[in-house]
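To start, the structure itself, in structure tokens.
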Number of protein chains: 2
Amino acid sequence: MDVRTICLGILTHGDATGYEIKKLFEDDGYQHFVEASFGSIYPALNRLTDEGYVSVREESQEKRPDRKVYSITSTGRSAFIASLLKPLPEDRHRSPFVFAMLFADLLPPSRVSGMLDTYIEQVEQKFAHLNAHHAASQSDGEKFVSGFGRAVYVAILDFLHTHRAEVEKQQAAQAAE
Amino acid sequence: MDVRTICLGILTHGDATGYEIKKLFEDDGYQHFVEASFGSIYPALNRLTDEGYVSVREESQEKRPDRKVYSITSTGRSAFIASLLKPLPEDRHRSPFVFAMLFADLLPPSRVSGMLDTYIEQVEQKFAHLNAHHAASQSDGEKFVSGFGRAVYVAILDFLHTHRAEVEKQQAAQAAE
DNA sequence: GTCGATCTATATCGGACCTATATAGATCAC
DNA sequence: GTGATCTATATAGGTCCGATATAGATCGAC
């Protein structure tokens, strides 16, 4: 899903600056299924403004840099809903860890164990992060999305805890050859 | 993980053309955790060749276009292993479906149900695809990776089957308001 | 006092990658 | 004959990322 559509979606939930939109990706639950960089957020917002889907006002604040607060227009809202009515792009999952596990036989057992340790730690942190945002104030949609993410992370952790010993046994056997 | 590294990894398993590498992403189990387009594979292979990590030979065949078959060099192999010894990039998961579910309240119940139908169908197809490649000839690494992917897809399907009724109930309640 | 880390903010450059398309030829079904 | 599908290589233009820049404030370590 393109960054312009993502920004429109976020703005249907309320006005925001480019910086705040990026923070949603880092702090709130969004990072688990969507993401965008400053390098794409700002051009996207500028373009949405040019196209009339978004309006912008500048605010100054004390001890802080000035802000540009973006609001979705009714045109923008309609466009966003229209995009949700079309077939959605398919999920994309990229996992360097999983790809690297295909080549575990090329690596020393200690490296493979280290990779597993690091990855499990990362997934546990993401899971904890998702739990920290499982607040009672969430909307139905947010509850669904949080639950979805948690289910996936739980499955990953279960799988890794279940199969780790086997992987390490294979590594040790292979290292003995 | 960048496409050059991915191509190097694939070539450690045997010589391949750019087209075959792309087919691995579509037909074999790779699509579940890694992907690259022709637009990036060919420039990557050309660059790897220029840099001495890969060598190329041209082959002609009957009734088929000529092929360029790429082989990894020992320099390339060392470079690939070196990249696996460094910290790996983190996973990236992008799901337009999950993002769209945050805005289910903006949509008619029939659209949300349709989205769920389509997504479940997609995940079921991916799961079936992964099963079709669960052959006895798989390496240990491939078995691990297949098992990982299946665990994730099972978790997703379980979650969706479990929560679908609830989502649709919320949609119906909201549509009645 | 200085430096680095961290934070709030906006902005952008150059490289990486994707989508769509092009070229080429073969086979098959309508 | 046309379109779909397949084997193959190739690339232009658009999108996005990572790194960086600018600006200023606060805090902690040296």
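Below, chain A is the first sequence line, B the second, and so on; all start at residue 1.
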Rounded distance in Å - CZ (A/R67) to C1' (C/dA11):
17 Å
Spacing between B/E35 atom CD and C/dC17 atom P, to the nearest angstrom
13 Å
Could you walk me through whether B/Y70 and B/Y53 pass the ring pair (Phe, Tyr, Trp, His ring centres under 6.0 Å) check?
CA-CA 10 Å; B/Y70 294 88; B/Y53 295 128; over 10 Å; no
Ring pair (Phe, Tyr, Trp, His ring centres under 6.0 Å) for B/F148 and B/F33? Distances and angles first, verdict last.
CA-CA 10 Å; B/F148 183 100; B/F33 49 89; 8.4 Å; no
Kindly indicate, with the supporting measurements, whether the criterion side-chain hydrogen bond (donor to acceptor under 3.5 Å, both in side chains) is fulfilled by A/S40 and A/S37.
CA-CA 5 Å; A/S40 43; A/S37 63; 3.1 Å; yes
A/F38 CZ - D/dT22 P separation (whole Å)
17 Å
Is the closest side-chain heavy-atom distance between B/L48 and B/C7 below 4.5 Å?
yes
Tell me which residues in residues 41-49 of chain A lie within less than 4.0 Å of DNA chain D, going by non-hydrogen atoms.
A/R47
Can you list the steps and then say if A/F144 with B/F159 is a ring pair (Phe, Tyr, Trp, His ring centres under 6.0 Å)?
CA-CA 9 Å; A/F144 176 85; B/F159 179 82; 5.3 Å; yes
What is the separation between atom CG on A/D66 and atom C1' on C/dT10, rounded to the nearest whole Å?
10 Å
Using heavy atoms to find the nearest nucleotide of DNA chain D for B/R92 and B/V69 separately, return the residue whose nucleotide is more 5′.
B/V69
Check: residues 84-92 of chain A side-chain donor-acceptor pairs under 3.5 Å, at least two apart:
unit_1, atom_1, unit_2, atom_2, d
A/D91, OD1, B/S95, OG, 2.8
A/D91, OD2, B/S95, OG, 3.3
A/D91, OD2, B/Y119, OH, 2.4

Would you say the side-chain atoms of B/S83 pair up with the backbone N or O of B/F80, donor to acceptor, closer than 3.5 Å?
yes
From CA spacing to verdict: side-chain contact (heavy atoms from CB on, under 4.5 Å), B/E124, B/L157:
CA-CA 8 Å; B/E124 281 175 345; B/L157 291 171; 3.7 Å; yes
List in numerical order all residues of residues 1-25 of chain A for which some heavy atom is under 4.0 Å away from an atom belonging to DNA chain D.
A/D2, A/V3, A/R4
With respect to the side chain of A/R64, which nucleotide from C/dT8, D/dT11, D/dG18 is positioned closest?
C/dT8
Nearest-angstrom distance from the residue atom CD of A/E90 to P of C/dC18:
15 Å
Taking the minimum atom-to-atom distance to the side chain of B/K68, which one of C/dT8, D/dT9, C/dT19 wins?
D/dT9
Is it true that a side-chain atom of B/R164 and a backbone atom of B/S113 form a donor plus acceptor pair closer than 3.5 Å?
yes
Under 4.0 Å between a side-chain N/O of A/S40 and OP1 or OP2 of D/dC16, yes or no?
no
Spacing between A/R94 atom CZ and D/dC16 atom P, to the nearest angstrom
14 Å
